[in-house]
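Letters go in sequence order (proteins before strands), and every chain restarts at 1.
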Protein chains: 2
Amino acid sequence: MTTTTAPAANGPGTPSRRGRPPKGASTLTRAAIVGATLSLIDDEGVEGVGMRTVARRLGVDAKSLYNYVDGKDDLLDAVAEHILIGLALPEPTGSLAADLRAVGRTFRANTLAHPRAAALVLTRQLDSAAALHPTERLLSMLRAAGCRPAEAVHLLRTLLATVVGTLLREVTEGPTCGEVGPEVERGRRADLEASGMPTLVEAAPHLARFDHDEEFEYTLDLLVTAVTSRVGGTSGTDR
Amino acid sequence: MTTTTAPAANGPGTPSRRGRPPKGASTLTRAAIVGATLSLIDDEGVEGVGMRTVARRLGVDAKSLYNYVDGKDDLLDAVAEHILIGLALPEPTGSLAADLRAVGRTFRANTLAHPRAAALVLTRQLDSAAALHPTERLLSMLRAAGCRPAEAVHLLRTLLATVVGTLLREVTEGPTCGEVGPEVERGRRADLEASGMPTLVEAAPHLARFDHDEEFEYTLDLLVTAVTSRVGGTSGTDR
DNA sequence: ACCTGAACACCGTTCAAGT
DNA sequence: ACCTGAACACCGTTCAAGT
């Protein structure tokens, strides 16, 4: 019951263990800490991350982490940045539409490689060079397609917001605001009909179905079409 | 220093205070708890929310809250839902473009009324009737405009993802992934030039500027145009 | 240079004891 | 029916003591 941990029950002659352990088996590194945290997130989600949990994976005391990391927040930022650094953007082909699609798909693939860490990448605001790299790439693509800087920035922001929003709902399991899981089709149809939401009931079969790949492609297509038509179209009319 | 709180220093004859307080001045309610939490979030942000902090605002012990709320998570859900319930959607006019804009603007205004609570509304997945109401509205608008159910659901999801993504970066202060604050224009321009991100440097003045209203309208316009042209355009070609 | 023991000031949550 | 005292099992983080 209350036999949690014997506080200091070493042998009588044993001096209390302090200082660095005798043999240096596991040289601790910032990279190792980030790696352990990421694999912990993969296994248990972001909520499972704690200084003590991460440290346990490395066979180390939690407080040791503070020699390499500024705190929990800094650690989570580091994880997000690590994922972002792994992003290998494809070479531009010169076709704006094709290149926008390629960047979108690459970003998605990279993010979904660690689904439970995705919210970190999508939500935390990072200003490192790694985070800025995709921005630079998108901007240069838009500029090369004839976009003036002001509109390029507008389009950049719209593109990022849409991709982030789409991936976010892809990654948060369960029904996101306005989303409907299969339970609507099953048990709750009666509730819905009583609530006076006929269109929702009518669309229930489609709402229950959710093919992430198809959904992403649909949104990407809508967006790329809109962007390219705007870039190729009227080039004056600033205000 | 260590004189934090005297543990049980009532008068010698005073029996330890237990049970409900003598006078019922503040009848505790779930609604009151939600209200206190929301105003706490307005003042101190979501990170300032704790059972003890909320309870203090109500002049009550933290554990009393558990009589009305299932726990901290349930409390935060309730706050998000409360904001969503306040959403008063405008009457449809019959013009899909105008009505989409109206819904978008209403949703934005409602969300930004409590900026620091916005992430809750945008991030938490709610499946209450209140959360489903905007979905029903959007679906019925799309259907009325001649959209088949399958495509209406696609468009609904694209619309929601875009609005959520846009509002999310509007609400998270600081530079979101691919965002650049004014500090880029000031001190870090040299770093950027050295990093080989010329387009970013070129666009820095525009990146530093961020008019939320204008940004939202731009994205909304792009999106509404894309949606209406898709609805009004080809109506066959399912696959 | 780096790791840990002890400690601090917190958490969310339970449960029985009270009224 | 509802509120609280005492308590539990956690947190992130500090700092000096050690090697």
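Note: CZ (B:R52) to C1' (C:dG12) measures 7 Å, nearest angstrom. Rounded to a whole Å, the CE atom of B:M51 is 19 Å from the P atom of D:dC11. Separating the CG atom of B:D61 from the C1' atom of D:dC3 is a distance of 8 Å, rounded to the nearest angstrom.
Within residues 63-74 of chain A, the residues having any heavy atom closer than 4.0 Å to DNA chain C are, in order of number, A:K63, A:S64, A:N67, A:Y68. Only at 4.0 angstrom or more do the heavy atoms of residues 30-48 of chain A sit from any atom of DNA chain C, so none qualifies.
In this structure the side chain of A:T106 reaches within 4.5 angstrom of the side chain of A:P90, judged on heavy atoms. Here the side chains of B:R124 and B:E81 are not in contact, with every heavy-atom distance at 4.5 Å or above. Residues B:L220 and B:R105 form a side-chain contact, since some pair of their non-hydrogen atoms from C-beta on lies under 4.5 Å apart. Within the 4.5 Å cutoff, the side chain of B:R157 has no heavy atoms near those of the A:Y218 side chain.
The closest donor-acceptor contact from the side chain of B:R116 to the backbone of B:D43 lies under 3.5 Å. With hydrogens and angles disregarded, no donor-acceptor distance shorter than 3.5 Å links the side chain of B:T53 to the backbone of B:V49. Between the side chain of B:T123 and the main chain of B:L120, no donor-acceptor pair closer than 3.5 Å is present.
Contacts of B:D211 classified as salt bridge (charged side-chain N to carboxylate O under 4.0 Å, His left out), with partners at least two apart in sequence or in another chain: none. Legend: residues meeting ring pair (Phe, Tyr, Trp, His ring centres under 6.0 Å) with A:H133, ordered by chain and number and at least two apart, are absent. Residues satisfying the salt bridge (charged side-chain N to carboxylate O under 4.0 Å, His left out) criterion with B:D74, sequence neighbours excluded, are B:R30.
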Query raised in the report: Which dot-bracket notation, 5' to 3', represents the base pairing of DNA chain D when pairs are defined as Watson-Crick or G-U with both distances under 3.5 Å, crossing pairs as [ ], and inter-strand pairs as |?
Result: ||.|||||...|||||.||

